[in-house]
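Note: hydrogens, waters and symmetry copies are ignored here, and every other heavy atom, side chains too, is used.
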Amino acid sequence: MNVSLLDGWFPWALQLTAVAACFAAIGLRDRIWRLRRAPLAIGVSCVLTAALAVAVVPLAGITDPVPLMLWVWVGAAITALAVLVTGWRSARWWRRAVAPVAAVLALASAAEVLNVSTGYCTTLADAVGELSDAPLPHEIALDQLGTVTGKTSTGRIVAVDIPSSGGFHPRRELVYLPPAWFRSRTRPKLPVLEMIGGEFSEPDNWPRTGNAVTTADAYARKHHGFTPILVFADASGGFKVDTECVNGPRGQAENHLTRDIPPYVEKTFNASADPHKWGVVGWSMGGTCAVGLTLEHPDVFSHFEDISGDAGPNAGNKQQTIDHLYGGDAAAWASHDPLTVLAHHGKYPHVSGWFESGDQEGPHIRQARQLSAAARKDGITTAVVVAPGRHSWQFGATAFAQALPWLAHQLGSPGSKAAPPPPQTGTLGVARG
């Protein structure tokens with residue numbers, strides 16, 4: 001099950017099998033088939049695929065580029081089904097049987113292309129675990145915390161149902177507790193990082209795909225078992241829901257992240273209640289959330305890491321964003337637009353932020369630098385890091401691992417030492433303020 005879905009033999013084998021099945025389904029057949037029906041089936045599939053591409057992307061609220069090969073494979077699946085219908089009479093029984101198989105394989109190849117571009121599932125085991133909602137390694141129930149001894153060298157993940165104050169229905173969320181948390185019945189008041197994933201996400205994306213627990217355990221081993229508590233938060237309430245972490249027609253996500261989670265974690269796990277010991281980390285949409293939540297709620301969060309986020313909450317162009325996220329309320333848009341907030345806000349004492357983008361993410365790099373410059377004018381300490389990579393979960397995982405020592409020090413995690421952003425080396429560029 002430890003088969004890579006991002007490189008190696010499996011993606012190629014799947015796509016080559018799909019190509020072979022599609023050719024077998026079409027076949028050469030007779031002259032009428034070759035000159036009339038096959039071109040008709042292919043033409044119809046091209047039109048339907050183009051229509052899907054034009055209609056689905058805006059309806060789904062997708063703002064990132066969609067790989068071209070995804071639509072090629074979707075077109076291949078439609079072609080296989082069109083061939084089945086238009087060539088039913090001239091087809092032998094085995095071609096009729098192969099056509100639906102070809103369609104399924106083509107759709108699987110489309111899903112694989114999308115997965116490679118985003119990096120959501122790195123291995124077949126990850127995909128099975130995600131689809132089956134299997135427990136994560138070292139996951140325990142809340143009532144089992146007392147069974148973990150203080151000698152543990154790894155942290156534990158706890159699934160929690162955090163009550164909502166209203167207008168939002170969170171899925172089951174996860175909390176990572178470091179090894180040092182278990183050493184005494186008097187639990188240490190550790191700092192906390194809320195971890196938010198991208199658009200179309202699950203709360204377990206950070207531990208499954210973003211490698212966050214492995215990263216935290218590695219840091220803890222070098223710091224006597226201490227690292228911040230990580231809360232893998234639900235910022236949407238559903239896989240297909242894009243709230244951008246604001247209150248609006250899609251749910252009161254902002255209230256959940258700022259009013260529900262902190263008091264629950266403080267009470268349940270004895271975490272610090274000091275806002276200077278709370279921060280937000282996010283990738284993609286989560287990166288946008290990290291900036292916005294900190295700027296708008298400095299009484300809750302004082303530090304953030306924005307990994308490949310946008311300049312502000314985004315559901316299309318400005319008017320589409322106002323309509324979809326804020327129900328047409330332009331004032332609500334302005335109160336959540338980071339540049340507008342910064343322009344009308346006074347100095348932020350003791351607030352810091354780390355922006356990181358891949359060197360293949362030109363728009364995100366420009367937006368990060370723009371936000372960083374505006375934040376520095378309001379007294380926020382910032383770093384802008386450009387590292388090798390593209391807009392994928394693998395880049396997000398690496399960026400979090402790189403920033404964790406810095407974040408831990410900003411949060412005052414026990415045993416942490418001053419960890420400035422890395423110096424400029426190769427394609428890595430840093431701007432500090």
Side-chain angles (χ1 to χ4, degrees), residues 61-64 118-120 130 162 168 170-171 173-176 192-213 215-216 228 230-248 250-251 253-258 260-262 278-297 300-301 303-315 321 325 336 338 353-358 361 363-364 367-368 371 385 389-404 407:
I62 299 171
T63 55
D64 292 320
T118 60
Y120 266 89
E130 188 74 53
I162 301 178
F168 189 74
R171 293 163 289 181
E173 295 165 298
L174 302 164
V175 176
Y176 163 85
V192 181
L193 286 170
E194 281 192 20
M195 310 287 291
I196 303 175
E199 186 180 1
F200 307 115
S201 65
E202 301 280 349
D204 65 357
N205 284 158
W206 264 113
R208 287 194 193 277
T209 309
N211 215 28
V213 171
T215 295
L230 306 181
V231 180
F232 304 112
D234 185 5
S236 60
F239 184 78
K240 297 180 180 179
V241 183
D242 178 20
T243 66
E244 299 286 313
C245 301
V246 304
N247 293 334
R250 297 177 177 179
E254 184 178 356
N255 285 351
H256 179 66
L257 298 166
T258 60
D260 300 337
I261 292 178
W278 276 73
V280 193
V281 174
W283 171 74
S284 192
M285 180 204 78
T288 309
C289 295
V291 177
L293 291 171
T294 305
L295 296 182
E296 295 156 34
H297 301 278
V300 180
F301 306 107
H303 314 284
F304 66 84
E305 182 186 13
D306 170 6
I307 307 170
S308 305
D310 290 327
N314 179 14
T321 299
L325 292 183
H336 289 84
W354 175 301
F355 297 88
E356 185 155 355
S357 304
E361 299 183 287
H364 291 302
Q367 291 166 349
L371 286 170
V385 179
R390 57 185 177 82
H391 198 76
S392 71
W393 261 111
Q394 284 60 57
F395 178 77
T398 301
F400 174 60
Q402 186 179 42
L404 181 55
L407 284 164

Check the angle between the aromatic planes of Phe200 and Phe239 and answer parallel, tilted or perpendicular using the 30° and 60° thresholds. tilted
Given side chains that start at C-beta, do those of Asn211 and Phe400 come closer than 4.5 Å, heavy atoms only? no
Less than 4.5 Å apart, any side-chain heavy atom of Glu194 and any of Phe304? no
Between Pro313 and Cys289, is there a side-chain heavy-atom distance shorter than 4.5 Å? no
Can you tell me how far apart OH (Tyr176) and CG (Leu193) are? Round to the nearest 0.5 Å. 11.5 Å
Check: Glu244 side chain, Asn314 main-chain N or O, donor-acceptor pair, under 3.5 Å: yes
Met285 and Ala235: which non-hydrogen atoms are nearest, and at how many Å? CE-CB, 4.3 Å
Closest heavy-atom pair, Ser308 versus Gly358, reported as atoms and distance to 0.1 Å, is OG-N, 4.4 Å
Exercise: identify the closest heavy-atom pair between Leu371 and Asp310: CD1-O, 4.0 Å
Which of parallel (below 30°), tilted (30 to 60°) and perpendicular (above 60°) describes Trp393 and Trp206? perpendicular
Just so I know, are the side chains of Ile196 and Leu293 near enough to count as touching, which here means a heavy-atom distance under 4.5 Å? yes
Measure the shortest side-chain to side-chain distance between Leu174 and Met195 over non-hydrogen atoms and say whether it is less than 4.5 angstrom. no
Give a yes or no answer on whether the side chain of Thr243 reaches the backbone of Cys245 with a donor-acceptor pair at less than 3.5 Å. yes
Point-to-point distance, once rounded to the nearest 0.5 Å, from CD of Gln367 to OG1 of Thr288: 8.0 Å
Would you check if Ile261 and Val192 make a side-chain contact, meaning some heavy-atom pair closer than 4.5 Å? no
Side-chain contact test, heavy atoms from C-beta onward, threshold under 4.5 Å: evaluate it for Trp354 versus Val385 and give yes or no. yes
Give the C-alpha distance, both sets of side-chain angles, the deciding distance and a yes or no for side-chain contact (heavy atoms from CB on, under 4.5 Å) between Glu305 and Val280. CA-CA 6 Å; Glu305 182 186 13; Val280 193; over 6 Å; no
Residues that Phe232 engages under ring pair (Phe, Tyr, Trp, His ring centres under 6.0 Å), provided they are two or more places apart: none
Considering non-hydrogen atoms only, spot the tightest contact between Gly309 and Asp306 and give its length. N-OD1, 2.9 Å
Nearest heavy-atom pair of Ala290 and Gly282: which atoms, and what distance? CB-N, 4.1 Å
Give a yes or no on whether the backbone of Ala315 and the side-chain of Thr321 come within a donor-acceptor separation of less than 3.5 Å. yes
Partner residues of Arg171 under the salt bridge (Lys or Arg N to Asp or Glu O under 4.0 Å) criterion, sequence neighbours left out: Glu202, Asp234
Could you tell me which residues satisfy ring pair (Phe, Tyr, Trp, His ring centres under 6.0 Å) with Trp278, sequence neighbours excluded, listed by chain and number? none
Main chain of Asn247, side chain of Asn255: is a donor-acceptor contact present, judged purely on distance under 3.5 Å? no
With side-chain contact (heavy atoms from CB on, under 4.5 Å) as the test, would you mind laying out the steps for His391 and Trp283 before giving the verdict? CA-CA 9 Å; His391 198 76; Trp283 171 74; 3.9 Å; yes
What's the shortest heavy-atom distance between Pro207 and Val213, and which atoms? CB-CG2, 3.9 Å
